[in-house]
Amino acid sequence: MKRILIPLMLVLAIGCKQEPKKALTAQEIIDNSIADSGGKQFNNRKVSFDFRDKSYVSENVDGLRVFTRISDLDTITITDVKRGDDFERYMNDSLVVVPDTMAVKYANSINSVHYFVRLPYGLNDAAVNKELLGKETIEDKEYYKVKVTFDQQGGGDDFEDTYLYWFDLKTFKPYYLAYDFHVDGGGQRFRKAYNERYVNGIRFVDYENYKPKNEGTVILEIGQLYDKGELELLSKIELENIKVE
């Protein structure tokens with residue numbers, strides 16, 4: 001009897017072993033990150049905040065994403081509105097004509113601020129390509145490292161830029177990001193998130209903004225450069241008076 005029971009127990013033990021967990025894809029990591037950071041509320045809520053002496057508002061109007069920037073200059077209030085691909089400028093509520101070259105510049109500036117504030121939500125836009133590069137350790141903690149590039153169609157004027165994101169292995173929150181850029185002489189930036197808070201269910205963070213101390217660095221290695229102290233702090237990006245309606 002024992003000779004029969006022992007093989008049977010081995011078969012049962014092998015059958016009860018758990019299957020190895022399936023490795024997550026870059027898309028699954030980003031979907032989890034967006035869900036944890038507020039999910040669909042990014043579209044359903046009106047968000048306003050102050051950043052460097054200007055006020056910003058993002059909202060969806062009739063299914064169209066509308067970004068606004070409001071600046072006060074002496075007795076004049078300048079309101080810049082990016083509605084989809086269109087740009088308008090108002091001075092004290094009066095629409096003014098803006099040359100196309102300047103309109104593109106203003107629209108890109110507004111879009112950039114809102115893009116970083118809304119992260120990771122924008123990483124599911126249609127023009128975004130994601131690639132999981134594996135895991136990387138920064139400041140003694142391991143993260144998923146995801147590379148993001150953009151299609152030319154729908155990727156904006158900066159579609160050639162490369163972005164990197166480091167996501168927590170458990171919460172999927174992005175705690176570091178980096179990017180290269182090609183305008184104004186080009187360069188690289190590395191950002192560390194801090195001061196995390198949730199306002200009506202949406203996650204917001206501030207950033208320490210770094211750049212490499214030396215030229216010619218490779219963007220894919222910038223996380224390790226930060227860990228080695230080879231980046232210098234440029235500025236802090238801090239949001240104030242955040243409201244979610």
Side-chain angles (χ1 to χ4, degrees), residues 21 23-42 47 49 51-52 56 58 111-125 128-150 158 161-181 187-213 217-240 242 244:
K21 289 185 178 179
L24 293 174
T25 65
Q27 184 62 61
E28 289 170 332
I29 292 168
I30 288 171
D31 287 344
N32 286 329
S33 183
I34 291 173
D36 182 85
S37 301
K40 294 181 180 179
Q41 295 192 75
F42 284 101
V47 175
F49 58 90
F51 173 61
R52 292 179 180 169
Y56 292 80
S58 65
N111 190 74
S112 178
V113 172
H114 283 286
Y115 177 83
F116 286 111
V117 170
R118 291 164 61 88
L119 284 172
Y121 189 72
L123 299 183
N124 265 347
D125 287 350
V128 176
N129 306 301
K130 308 117 177 172
E131 178 186 357
L132 177 60
L133 300 180
K135 298 176 182 178
E136 185 169 78
T137 299
I138 298 179
E139 295 186 308
D140 298 322
K141 187 173 180 180
E142 197 172 38
Y143 297 88
Y144 291 117
K145 183 179 180 180
V146 175
K147 176 183 175 182
V148 168
T149 57
F150 303 88
D158 302 325
D161 297 351
T162 298
Y163 281 71
L164 298 172
Y165 296 87
W166 288 264
F167 297 90
D168 187 279
L169 298 186
K170 294 182 179 179
T171 67
F172 302 101
K173 295 176 182 178
Y175 282 108
Y176 303 92
L177 67 91
Y179 61 97
D180 59 11
F181 59 95
Q188 298 172 352
R189 295 293 182 266
F190 179 90
R191 294 186 179 184
K192 175 183 178 180
Y194 71 98
N195 191 24
E196 177 189 86
R197 63 272 202 204
Y198 281 78
V199 180
N200 285 339
I202 297 181
R203 176 180 182 263
F204 296 90
V205 297
D206 297 327
Y207 291 103
E208 293 177 351
N209 188 34
Y210 295 84
K211 76 168 185 176
K213 292 179 180 179
T217 56
V218 179
I219 188 64
L220 294 180
E221 299 175 356
I222 198 166
Q224 295 309 300
L225 293 178
Y226 171 78
D227 237 19
K228 295 175 183 177
E230 297 181 16
L231 304 183
E232 60 179 319
L233 181 65
L234 277 179
S235 62
K236 290 189 176 183
I237 298 169
E238 299 175 326
L239 308 180
E240 298 178 328
I242 301 171
V244 178

Can I get a per-line list of side-chain donor-acceptor pairs under 3.5 Å for residues 228-240, giving both atom names and the distance, sequence neighbours left out?
from   : atom 1 : to     : atom 2 : distance (Å)
Ser235 : OG     : Asn209 : ND2    : 3.4
Glu238 : OE2    : Tyr194 : OH     : 2.8

Calculate, to the nearest 0.5 Å, the distance between atoms CG and CD belonging to Asp168 and Glu142 respectively. 10.5 Å

Spatial distance of atom NZ (Lys147) from atom CG (Asn129) [nearest 0.5 Å]: 10.0 Å

Could you state the interatomic distance from CZ (Arg118) to CZ (Phe204), rounded to the nearest 0.5 Å? 9.5 Å

Sidechain-backbone polar pair: Gln224 side chain, Thr137 backbone, donor-acceptor under 3.5 Å: yes

Identify, with sequence neighbours excluded, every residue that meets ring pair (Phe, Tyr, Trp, His ring centres under 6.0 Å) alongside Phe116. Tyr179

Got a second to check how far Lys130's NZ is from Leu132's CG, nearest 0.5 Å? 12.5 Å

Looking only at non-hydrogen atoms, find the nearest pair between Gly223 and Ile138 and report the distance. CA-CD1, 4.1 Å

Does any non-hydrogen side-chain atom of Val117 lie less than 4.5 Å from one of Phe51? no

d(Asp206 CG, Arg191 CZ) to nearest 0.5 Å is 11.0 Å

Lys192: side-chain hydrogen bond (donor to acceptor under 3.5 Å, both in side chains) partners, not counting sequence neighbours: Glu139

For Ile219 versus Leu164, what's the shortest heavy-atom pair and its separation? O-CD1, 3.1 Å

State which residues pass salt bridge (Lys or Arg N to Asp or Glu O under 4.0 Å) with Asp31; sequence neighbours excluded, sorted by chain then number. none

Worked check of side-chain contact (heavy atoms from CB on, under 4.5 Å) between Leu133 and Leu220: CA-CA 10 Å; Leu133 300 180; Leu220 294 180; 3.9 Å; yes

Please list, chain by chain and in numerical order, all residues satisfying ring pair (Phe, Tyr, Trp, His ring centres under 6.0 Å) with Tyr207, sequence neighbours excluded. none

Are Pro174 and Arg203 packed together at the side-chain level, in the sense that at least one heavy-atom pair is separated by less than 4.5 angstrom? yes

So that I know where these two stand, are Tyr56 and Phe49 an aromatic pair - ring centroids less than 6.0 Å apart? yes

Report yes or no: does Thr162 contribute a side-chain atom to a donor-acceptor pair with the main-chain N or O of Thr149 at less than 3.5 Å? no

Which residues pass the ring pair (Phe, Tyr, Trp, His ring centres under 6.0 Å) test with Phe42, not counting sequence neighbours? Tyr121

When you measure from the side chain of Gln188 to the backbone of Ile222, do you find a donor-acceptor pair of N or O atoms at a distance under 3.5 Å? no

Closer than 3.5 angstrom, by distance alone: can the side chain of Glu28 be matched with the main-chain N or O of Thr25 as a donor-acceptor pair? yes

Scanning both residues in full, the closest heavy-atom pair of Phe172 with Phe167 reads O-CD2, 3.1 Å

Stepwise, does the side-chain contact (heavy atoms from CB on, under 4.5 Å) test hold for Leu119 with Tyr165? CA-CA 10 Å; Leu119 284 172; Tyr165 296 87; 3.7 Å; yes

If I take atom CG from residue Asn32 and atom OH from residue Tyr144, how far apart are they, to the nearest 0.5 angstrom? 9.0 Å

When Tyr143, Trp166, Tyr176 are each screened for side chain to side chain donor-acceptor pair (under 3.5 Å) with Glu136, the one that passes is Trp166

